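So the structure is just underneath, and the comments pick up after that.
On a predicted model such as this, the values are computed, not experimentally measured, just so you know. Every chain is numbered from 1, with letters handed out A, B, ... down the list of sequences.
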Amino acid sequence: MSAVVTRFAPSPTGFLHIGGARTALFSYLYSKGRGGKFLLRIEDTDRERSTQEAVDAIFEGMAWLGLKSDFESIYQTQRFARYAEVVEQLLQSGDAYYCYCSKEELDQMRAEQQARKERPRYDGRWRPEAGKPLPPVPADIKPVVRFRNPAEGQVVLKDLIKGDIVFENRELDDLIIARGDGVPTYNFCVVVDDMDMGISHVIRGDDHVNNTPRQINIFKALGKTPPAYAHVSMILGADGAKLSKRHGALGVMEYRAMGFMPEALLNYLVRLGWSHGDQELFTREEMLAKFDFDHVSAAPARFDMEKAYWVNHQYLKVTDPAIVAPEFEWHLRRVGADPSAGPSLVAVIEQQRERCRTLVEMAEKSRFFYAEPDGYNEKDAAKHLTAEAATVLEGLVVALTALPDWNAPALHVAINTLAEAKGLGLGKVAQPIRVAVVGMAISPPIDQTLYLLGRERTLARLNAAVAYVRNKS
RNA sequence: GUUCCCAUCGUCUAACGGUUAGGACAUCACCCUUUCACGGUGAGUAUAGGGGUUCGAAUCCCCUUGGGAACGCCA
């Protein structure tokens, strides 16, 4: 079997959205898992809508996900000379021809066809046929070039995901491959690029299925064997509606902002439409080794945020904290905390990861280690910062001031001893401490929390809480 | 309108003619528990409908219904 070469070919008109990311992932996994190559191609022939910001956003997203291209990225706008050459070749061979229809003429044609409830299509008025007279060439029209699609027979698309799909050539019209200004069009550039770059497998969204037979015909006219195709179904929103800018479509970088680890997002995405028995969690190596099209679903899938969170949580729990730390640091800053003004990130991650599904959650719940809490949670304070609790906290201040070594086991003993001395359950002691030190009644185990927070901060916050209670009454 | 695609628990899916239709997320209950969680145990929930083919159909075929895509000098 020859080398597998796949490509991801976005048009730079916006950020890298979640559907595109999945298509890119499938392409990446399929080739890299088979010792092949993966490349990125920017389809920017539409200069009106393409922007440099979008190109940057796509690169940023791909980089964050760790989907590396094996080659330097290709821009279609840099290949115009090559496209012109192939257009000329097709013109020479009679597989393409000039069409002098104006846009208005075309619009009118479409309108009439729709009025007759027909499928809008070019009627072939400039298509050369043996013995057929062509209209007189208008002087003021710059012609477009159309591909001369075969009139008879069928095209069989052997799709790796959807199976064989048969198209009748008579249903296909002659598409424009070069505009009046000479700029080539998408369906044509794709073919030339895929051909020149030796793409073996075209993996793309299934909104391209209907383009494929025409592309196959162009390959044939050029005397080339078309690549294999895999059309991936799209991703729907939680409500089953199509994801769009207006409706919940988010760029991958927004998932970073929501607290996802890139590997976790990838894992969720790979399982959306693909399965490997009952396995839910995959390392990158496992994805590469196991991904294939035999188990990719042809049906569209809904994006389920709850499950995505679950996958992310699984990653947070098992990933080396040193790897999580840089992302965690990024999120801490976002919640206004100074990561250098508190305990080691790795130590905090180890304590928090069991209880946080996202890094946003982790940053919010860990902020108190690095910054002063923003007052007390009202309910928690009312419940736990009572007059009785104040005396407990005072006792604790004394005990902790005298504590020789500041470590979790010692703190554990000190707190237990205090609870027993006061004849209170651990809850009666631990909860007021939490509120005093964290600002609310939620934290990692209290001994760990105080240990990580350090003696100085602990005592200061304990004293502040006592003062708060006294002031109140 | 035309062409094409799709259809198993609420969601992601397993099953490649023979299973009490399995797993995961979510939900609920119980256990564990100093908070929040983690974890453990258990429960309910699905083959869209109708026809065939077959000893036997979630699985193959047809129809219906319901979703979706495409039909640009956009990509």
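The base-pairing partner of C9(B), taking Watson-Crick or G-U wobble contacts with both distances under 3.5 Å, does not exist among the strands shown. The partner of U34(B), taking Watson-Crick or G-U wobble pairs whose two distances both stay under 3.5 Å, does not exist in any strand shown. The partner of U53(B), taking Watson-Crick or G-U wobble pairs whose two distances both stay under 3.5 Å, does not exist in any strand shown. When both pairing distances are held under 3.5 Å, C71(B) makes a Watson-Crick or G-U pair with G1(B). Look at U41(B): its Watson-Crick or wobble partner, with both distances under 3.5 angstrom, is A29(B).
Ring pair His276(A)/Phe282(A) is perpendicular by interplanar angle, where above 60° counts as perpendicular and below 30° as parallel.
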Open item on the list: With side-chain contact (heavy atoms from CB on, under 4.5 Å) as the criterion, how do Leu396(A) and Ile415(A) come out once you've worked through the C-alpha distance, each side chain's angles and the decisive distance to 0.1 Å?
Closed with: CA-CA 7 Å; Leu396(A) 190 66; Ile415(A) 293 167; 4.1 Å; yes
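One interatomic measurement links the two molecules: CD of Glu168(A) to P of U2(B), which rounds to 16 Å at whole-angstrom precision. One atom, CD1 of Ile235(A), and another, P of C6(B), lie 18 Å apart when rounded to the nearest Å. Protein atom CG of Leu172(A) is 11 Å distant from nucleotide atom P of C4(B), rounded to whole Å. The CG-P distance, from Leu281(A) to U13(B), rounds to 16 Å in whole Å. Rounded to a whole Å, the CZ atom of Arg170(A) is 14 Å from the C1' atom of C4(B).
Between U45(B) and G51(B), the two P atoms lie 25 Å apart (nearest whole Å). Across the C1' atoms, A21(B) and U59(B) are found 12 Å apart, a figure rounded to whole Å. Going from the P atom of G10(B) to that of G44(B) covers 15 Å, rounded to whole Å. When the P atom is compared between C30(B) and A37(B), the two are found 15 Å apart, to the nearest whole Å. Annotation: A57(B) and U20(B) have their P atoms spaced 14 Å apart (nearest Å). The P atoms of C38(B) and A75(B) are separated by 49 Å, rounded to the nearest whole Å. G40(B) and G50(B) have their P atoms separated by 40 Å, with the value rounded to a whole Å. Remark: the separation of the P atoms in C55(B) and C12(B) is 36 Å, to the nearest Å.
With ring centers used as reference points, Phe291(A) lies under 6.0 Å from Phe293(A). Between Tyr97(A) and Phe147(A), the distance from one ring center to the other does not fall under 6.0 angstrom. Aromatic rings of Tyr376(A) and His384(A) (six-membered ring for Trp) have centroids beyond the 6.0 Å cut-off, not under it. Residues Tyr30(A) and Phe38(A) place their aromatic rings such that the two centres sit no closer than 6.0 Å. Checked against the 6.0 Å centroid criterion, the rings of Tyr268(A) and Tyr255(A) do not qualify as a close aromatic pair.
A donor-acceptor contact under 3.5 angstrom links the side chains of Gln431(A) and Arg434(A), judged on distance only.
Between Glu388(A) and Lys428(A) there is no salt bridge, since no side-chain nitrogen of the basic residue lies less than 4.0 Å from a carboxylate oxygen of the acidic one. For the pair Asp196(A) and Arg79(A), the salt-bridge criterion is met [side-chain N within less than 4.0 Å of a carboxylate O].
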TODO: Could you encode protein contacts along nucleotides 64-73 of chain B as a string, one character per nucleotide from 5' to 3', using B for base contact, S for sugar-phosphate-only contact and - for no contact, with a heavy-atom cut-off of under 4.0 Å?
DONE: ----SBSBSB
TODO: If a protein heavy atom is under 4.0 Å from the base, mark B; if only from the sugar-phosphate, S; if neither, -; do that for nucleotides 21-44 of chain B going 5' to 3'.
DONE: -BBBB--------BBBSSS-----
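A donor-acceptor pair under 3.5 Å is formed between the side chain of Asp44(A) and the backbone N or O of Thr77(A).
In terms of position on RNA chain B, the residue among Arg302(A) and His295(A) whose nearest nucleotide sits closer to the 5' end is Arg302(A).
Residue Gly273(A) is in sugar-phosphate contact alone, with no base atom involved, counting any heavy-atom pair closer than 4.0 Å across all strands shown. Within the 4.0 angstrom heavy-atom criterion, no nucleotide atom of any strand lies near Thr13(A).
Applying the 90° cutoff around 0 to the glycosidic angle, C12(B) is assigned anti.
At least one side-chain nitrogen or oxygen of Thr45(A) sits closer than 4.0 Å to the OP1 or OP2 atom of A75(B).
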